[in-house]
Structure formats: C-alpha cells, structure tokens
Amino acid sequence: MGRLIRFLRQCWHGAETSPEVRQLKNAIYNITLLKPSNLALYRLALQHKTAAATATSSNERLEFLGDAVLSLVVAEYLYKKYPLQTEGFLTDVRSRIVNRTLLNKLAQKMGIDQLLMHEVQHTDKRSLKMAYGNALEAFIGALYLDQGYENCRGFIIDRLLYIYVDMESLVLTDSNYKGQVIVWGQKNHKSVRFELADERCAHNQREFIVHLRIDGEVSGRGFGRSKKEAEQIAAQDALDKMGVS
C-alpha cells in the first residue's frame with residue numbers, strides 16, 4: 001500500500017508520459033473500459049480533502065456532480081426495468097443503490113479505494129470508509145465531464161449495476177435496519193436508543209455520527225451525510241454484530 005501511495009503522489013506531479021501516469025491511465029481503463037482524455041479530472045476525483053491544498057482542489061465538487069448523475073441514471077434504469085411498479089417502489093430501490101454503505105463497498109470492489117489520495121494521519125477509519133463511496137461519486141462526475149453522458153451512463157449500468165449489484169436480492173431485502181432493530185428490541189425486551197454523538201460541517205458538507213445504544217451500551221455506530229442515514233448505518237452495524245441481519 002505504501003508503494004502504491006508513493007507512486008500515485010509522483011503521478012500527481014509527474015510528466016504525462018511517465019510510467020506512473022501510464023499506470024494510472026491503465027487503472028482508469030480497467031475500471032471503465034474507456035480511455036481517459038482529461039487525466040486531471042480523475043486526479044481531482046481521487047483527491048480526498050485531507051490531501052488537498054484548498055477546498056476546491058479536493059474531490060468534493062466532482063462528488064456533488066457525480067451524485068446527481070448517478071441518481072439520474074439509476075432512476076432511469078429502474079423506471080425502464082420495472083414498468084409496472086409504483087413511484088414509492090422506485091424511490092425505495094434507488095435509495096438502496098445510492099446508499100452510502102453500498103457505495104463504499106462498490107468503490108472497494110472496483111478498486112477506487114486503492115487509488116484515493118488522502119493523508120492517513122488526518123483521516124479516521126470511519127471517515128475514510130465513507131470517503132470511498134464519495135470518491136466513487138466523484139469518479140463518476142469526472143467520467144461524465146470527460147466522456148459525456150452516454151458513456152458515463154453505460155459505465156454505471158454495465159460496469160457497476162450489472163456486475164456488482166444483485167438487483168433481485170436488493171429488491172427482496174428489507175433495508176429498514178432501524179425498524180428491524182426496534183422490532184428486535186421489542187421482542188427481546190431490550191431498550192433501543194439512537195444517540196447523535198457528533199455533528200460537524202467540513203468544507204460545507206454536514207456529517208453526522210450516531211451511536212445505537214441497546215440497554216445503555218453502544219452496540220452500533222453510523223456515519224452519514226444525514227442523521228437518518230447515520231441511524232440506518234448504526235442499526236445495520238448493530239444487526240451485523242448480533243448476527244441478526
């Protein structure tokens with residue numbers, strides 16, 4: 001990992017014809033099956049705020065764009081895939097796909113986490129894990145600007161949804177983890193309480209940390225861009241630890 005980080009740091013500042021840059025281009029091609037034209041966009045997409053000199057030199061603006069593109073493509077995909085389903089069904093399934101926990105896992109499966117530039121000493125493990133999904137959204141934003149909507153759409157559907165997302169399992173799985181843990185607590189006569197442990201604003205982006213306490217003990221932790229998202233992740237964390245989900 002140390003060697004990879006070193007070569008990527010050199011890549012950020014090296015010549016476009018250097019072996020390190022060619023390796024970065026190959027990594028992008030392996031992920032997208034598209035040859036990158038504007039490498040600077042992908043460099044920016046893979047630059048976490050802890051490694052950026054200024055707020056505008058981090059990947060957060062591209063993350064904002066990528067989040068919108070991903071949401072649109074997934075909405076169109078679901079609309080066509082499930083022509084007889086209601087708006088509520090489509091909204092629920094879309095929220096499961098763009099869920100922070102799933103995006104973090106997708107980023108790791110695709111190798112985005114290995115390319116992310118960050119300062120380890122300034123990044124706690126929970127923040128870093130969330131950063132993987134953010135980097136994937138930023139990467140999508142860079143791809144959209146570099147290759148256009150149709151190529152970006154093709155990447156999301158063919159390289160992300162078809163390969164890494166089991167749609168049938170996703171549709172059938174109850175993703176209301178907060179509801180599940182509350183029902184579990186009622187059945188087992190346990191007190192269940194969600195506690196906002198921290199709320200902060202970094203680079204104009206709000207972040208929430210929620211603890212789930214069962215009989216007073218912290219049993220799950222969640223980190224998200226909204227309190228609701230953090231609560232769901234905390235509940236999922238607790239259910240996973242208890243072997244319930």
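In this structure, Leu160 CG and Phe139 CZ are separated by 10.5 Å, a value rounded to the nearest 0.5 Å.
Lys190 and Asp215 are joined by a salt bridge, as a carboxylate oxygen and a charged side-chain nitrogen come within less than 4.0 angstrom of each other. Using a cut-off of 4.0 Å between Lys/Arg side-chain N and Asp/Glu carboxylate O, Glu195 and Arg193 are scored as salt-bridged. A salt bridge links Arg153 with Glu76; the closest basic N to acidic carboxylate O contact falls under 4.0 Å.
Proximity of a side-chain donor or acceptor of Gln232 to a complementary backbone N or O of Lys178 within less than 3.5 Å is detected. For Asn38 (side chain) and Asp146 (main-chain N/O), no donor-acceptor pair under 3.5 Å exists by modelled atom type. Side-chain N or O atoms of Asn151 include one that pairs as donor or acceptor with a backbone N or O of Gln147 at under 3.5 Å. Distance alone, capped at 3.5 Å, is enough to place a donor-acceptor pair between the Arg96 side chain and the Leu170 backbone. In this structure, the side chain of Asn26 engages the main chain of Arg22 through a donor-acceptor pair within 3.5 Å.
In summary, the aromatic rings of Phe208 and Phe223 are positioned with their centroids too far apart to meet the 6.0 Å limit.
When each of Leu106, Val73, Asp166, Ile97 is tested with Leu161 by the rule side-chain contact (heavy atoms from CB on, under 4.5 Å), just one qualifies, namely Ile97.
In terms of hydrophobic clustering, with Ile, Leu, Val, Met, Phe, Trp and Tyr side chains grouped at heavy-atom distances under 4.5 Å, Leu70 and Tyr79 are assigned to a common cluster.
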